[in-house]
**Student:** 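I have a structure I would like to understand better, so I am pasting it below and will then ask my questions one at a time.
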Amino acid sequence: MRYRVLLKRLVDGRFYARCPAGPAGLAEGHGASGEEALAAVHRAIRYQLELCPCSGVAEDYVELEVMRQPATGPVAGA
């Protein structure tokens, strides 16, 4: 199953990944790198898909389509 994820670098240098259309709604993740943030949102989506802890969802079942957003920075003149 493919999910569209927005990846954004925050002002503090960390990364934020957001999937507004996860199985149970919003799935989010943060990390020190883009890879960490994407891994966190991937885990959140897999968690939402599992009916119970024993059902399990294969690692490769969830595919992320990553859309990168330009980094936000300080406002000029502020």
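On a predicted model such as this, the values are computed, not experimentally measured, just so you know.
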**Student:** Just so I know, are the side chains of Leu7 and Gln69 near enough to count as touching, which here means a heavy-atom distance under 4.5 Å?
**Tutor:** no
**Student:** Run the ring pair (Phe, Tyr, Trp, His ring centres under 6.0 Å) test against Tyr3 and tell me which residues pass, sequence neighbours left out.
**Tutor:** none
**Student:** Is there a path from Tyr61 to Val5 through hydrophobic residues (I, L, V, M, F, W, Y) whose side chains come within less than 4.5 Å of each other?
**Tutor:** yes
**Student:** Let me check something: any side-chain donor-acceptor pairs from residues 15-30 under 3.5 Å, sequence neighbours excluded? List them with distances.
**Tutor:**
| from | atom 1 | to | atom 2 | distance (Å) |
| --- | --- | --- | --- | --- |
| Tyr16 | OH | Glu28 | OE2 | 2.4 |

**Student:** Would you please name every residue forming a side chain to side chain donor-acceptor pair (under 3.5 Å) with Arg4, sequence neighbours left out?
**Tutor:** Glu65
**Student:** Rounded to the nearest 0.5 Å, what separates atom NE2 in His42 from atom CD in Glu63?
**Tutor:** 8.5 Å
**Student:** Should Leu6 and Leu38 be regarded as members of a common hydrophobic cluster, given that ILVMFWY residues are connected when their side-chain heavy atoms come within less than 4.5 Å of each other, either directly or indirectly?
**Tutor:** no
